[in-house]
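Proteins come first, then strands; the chains are lettered A, B, ... in the order of their sequence lines, and each starts at number 1. Source: prediction; values computed, not measured.
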Amino acid sequence: MNVEVVMPKMGESINEGTLIKWHKKKGDKVVKDEIIFEISTDKVDTEIPSPAEGVLNEIKVFEQETVEVGTIVAIISTEGESALPAETVKDEPPSTTQVGGEVVDIPMPKMGESVMEGTITKWFKQVGDKVNKDEIIFEISTDKVDTEVPSPAEGTLIEILLNENETGEVGTIVGRISKTGGLNIPAKVAPAQKTPDEKVFQKSAGEMPSADKFVKISTPEPAQAENRFYSPLVMSIASKEGIGYDELILIPGTGIGGRVSKNDILNYLNIRNTAKIPMASKLQANTESMSAVKRESVDKTSPAGVYSGEVEVIPMDNIRKRIMHHMINSRDTSVHVTAVVEADISKIYNFITANKDRLQQQEGIKLTYMPFITYATIKALKEYPLVNAVIEENKIILKKYINLGIAVAVEPNGLIVPNIKRADDLSIRGLAKSIAQLSSKSRNKGLTPEDIMDGTFTITNYGVFGSLFGTPIINQPEVAILGLGAVTKKPVVVEVDGMDSIAIKPMMYLSLSHDHRLVDGMLGGKFLNSIKNTLEYFDVNLF
Amino acid sequence: MLKEFDIAVLGGGPGGYVAAIRASQLGFKTALIEKDNLGGICLNWGCIPTKSLLKNAEVYDLAKNHADDFGLSFSDLSFDFNKIIKRSRNVSEKITKGVEFLVKKNKIDRIRGFGKIKTKNEIAVYDKDGKETERISAKNIIIATGAKPRILPSIPVDRKRIITSTEAMILPEQPKKMIVIGAGAIGIEFAYFYSVLGTEVTVIEMLDAILPVEDKEVSALLAKSLQKRGIKIHTGTVVESAVPAKDSVSVTISKDGTKDTITADIVLSAVGVTGNVEGFGLEELGVELFKNHIKVDKSTYRTNIDNIYAIGDVIGPPWLAHVASAEGIHCVETIKGLNPHPVNYDSIPGCTYCQPQVASIGFTEQKAKELGYDIKIGKFPYSASGKASAVGEKDGFVKIIFDAKYGELLGAHIIGGEATELIAELGMAKTLEATYESIVKTVHAHPTLSEMIMEAAANAYNESIHI
């Protein structure tokens, strides 16, 4: 029997996921609940276990591909035997990353701003040869420079479309690599017959109309978007509002079959008309956040800038892209201002020092400053509920519950903000446990979309990395974020019996970035000072 | 041991049975609970049997009043009222049997009885004596209990002299005089039917036009046509009271402060419908209601209880069979996680099957203006259509409303022969976001009534050829 493995639904609002890694390859045996692949969605990354025991018979979705929830990702044969002929399985390249029958196009790379075409001077590989990723496969000559071009993928070279001494425009497909390594090789391709020069030029002329246009539309793949259908109404709106084709292809579609609907283009117009910033970045933030325009993996595009020294091109992973877009979006949405106070946290410092080992041993609680600061923040949020609000157009939505977000750095380069649900119902001890749980879940990819959704306020602790204070970026759609600086012992002036004297105190900077659209300096200051007071006069009996 | 289901559907109307079939297609183990025949009001007491009655009226009207136009003549033309009613019941019976068969074919557990939700996962089924006959458990419950005629205290329905649409389609004898209260689709269809058969009909409508949801021009032309037929129409008129006597009913009406009393042997109360929300466990479970209907999130049809859904008339307007079916399918596909495209409530066609027929989709001219659209209107009369003249349908028009700025098709209104069939093209055009060009550049067969749609669209841009 065949069992279909589908892209799982990770939460109400999540409609698609990107397959980021296969842990198994075609023909591998899998047992039930064994992790077979990893996905990344808008909200969360997670590992997916096998629904059945058997043999991974077919892989339908490849790494870096984004598909809708419910799409069949793979088929597992539970008969214990692969349905594939034995030889085919043997032909599989010994790799866990390249499996399946994906065909990768090799484009003529862009070697500089003004270079529009290149001539192949030598192919190092023949059709049928195995190639490794980044292995040099051909050599080109342009009017600026001669260079060797590495393979964008591991697999088998299945087609050569541009032969030696032939010239093609930048972006022309010069060859194709099959990631299956063995399947689908056409028997004896005669490259010279297959690609007369004119054909290459005709094709490239359609895709890359002119030099300056190429630069503009190079980010999303225009070729893919050419297949999109636009309704007559959308075309009419586009033409009346001066939306060009290169702009149209960037608008995410929510209509039937992912089409751009009237509402999509009108929403886009709204955003465009209110945008104060250059269109390009706004566009990308918008496009990415709605994640309906599927982008090709970086493999296809070649570096476009001009560099005087050696560079390494690293494709951004999904998490990095999302962080990038969230940050741009927040900067463009909120009017950030940052206020700073310095708090004397002697009481808490002393309490932690005195009780840390005991609590760790007796109750398994790893005591940090976080629960105390979280507690003080919740108290301040209750006192100043406007800081626990969101802005919706001209309305202020006051949230009567506190879902407190804690920013957690995830190695090697991730950042995620899960929140403690109904944090206002918890004691300090409860907060300590919740914080420990969330950070452990974050680091072990155990977060669910619910953990990340509907936060009302965020705390970020850059102090653990030694920073004294920072100006954090608000986690949208919240209106403020509290940053915690490193605790340092400092000489401070204290008043003892009416006399000024100098004492050594553990001090911490607390900075509050707040959205000036809603939270003015007075409120921000009062809020911060409320936290400072709670911390300085902390009643340790509360613990 | 309780029988377990993935989805249990409560109510077998066009919302419920369609949801059940879709659920079964998607691999859910499905139960469909209905105390009566399947098909709901629509197939048993609404859409289908009334269309049968109206066809009788149409044929009779043609023979009686228009035979001469076609060079025909009949002597001793007569009808048997009871046979007309019987034909309607036969049609209904045949269609509902067809639905029973479809349900069986789709391997749905058809449970006959009155279902009552006991807990969020349990339904008890009772027979007509109120005895519990069965109990099932279900992961998801879809409520599709529909609606019933609304009853006003001033118009005390006794189902003999003062009746609802249900009784109106099975009257034992044809009334001589009839008062229809409410000039919506139901009221107008019965007014037309009985009037054609020779009943003296008076229509009373509180709002200022008959078919008040339709475009004003359409309402006006229909009123003129019905009046010509002999129907008396009182718009802007309130019914103060209706008092049944032994063999008549007297109805007191008031218009602009002036009172009047009229009598008839039958009064049909057609003042709208209200959701069936009582007596099957909603109160006990705490399912949230609003204005006698179940409150749902219209992107998922989920109620405030996470595994209980509701669709169709019971969730409120527009109280149409085709909307209920669309919602049922959407609801089940959502449960399956298919992420279906939402039902577009701006593109729901509405039809009234009197003669001339009325059909519309989208905004009326009045509504479009209210919303601030700068509009272009295209009209084409039946009198200018060759096909319409040939088949003797010279009254009516097609009216299409476009947004002047972007050319969006905002609404379309047709009154005249076969209007209810013609509207489909405009529904498709609207769903696919066609502009006037898409309609005008579509080659329409000649001679057809549908050419009028092309001409009306062209007329909006002064490109019509035949006017």
Legend entry - Residue pair B:His341 / A:Thr254: nearest heavy atoms and the distance that separates them: CE1-O, 3.2 Å

Inset, instruction - For chain A, find its close neighbours in residues 426-437 of chain B: heavy-atom separation under 4.5 Å, sorted by number, or none. - result: B:Thr431, B:Leu432, B:Glu433, B:Ala434, B:Thr435

Legend entry - B:Glu421 CD: over 12 foreign heavy atoms closer than 6.0 Å: no

Inset, instruction - With sequence neighbours excluded, tell me which residues meet ring pair (Phe, Tyr, Trp, His ring centres under 6.0 Å) with B:Phe28. - result: none

Inset, instruction - Go through the atoms of A:Ile265 and report whether side chain, backbone, both or neither lie under 4.5 Å from a heavy atom of chain B. - result: neither

Legend entry - Which portion of A:Lys240 sits near chain B, non-hydrogen atoms under 4.5 angstrom: side chain

Inset, instruction - Any chance you could measure B:Leu338, atom CG, to A:Glu68, atom CD, to the nearest 0.5 Å? - result: 10.0 Å

Legend entry - Non-neighbouring partners of A:Gln476 that pass side chain to side chain donor-acceptor pair (under 3.5 Å), sequence neighbours left out: A:Ser330, A:Ser334

Inset, instruction - Quickly, which of A:Ser239, A:Pro232, A:Ser236 forms a side chain to side chain contact (heavy atoms under 4.5 Å, CB included) with B:Tyr406? Name it, please. - result: A:Ser236

Legend entry - Other residues, nucleotides, ligands: >12 heavy atoms within 6.0 Å of B:Lys298 NZ: yes

Inset, instruction - Starting at NZ of B:Lys405, measure out to CD1 of A:Ile237 and round the result to the nearest 0.5 Å. - result: 8.5 Å

Inset, instruction - Answer yes or no: are there more than 12 heavy-atom neighbours, outside B:Ile465 itself, under 6.0 Å from its atom CD1? - result: no

Inset, instruction - Under 4.5 Å, heavy atom to heavy atom: which of residues 361-378 of chain B reach chain A? Give them by number, or say none. - result: none

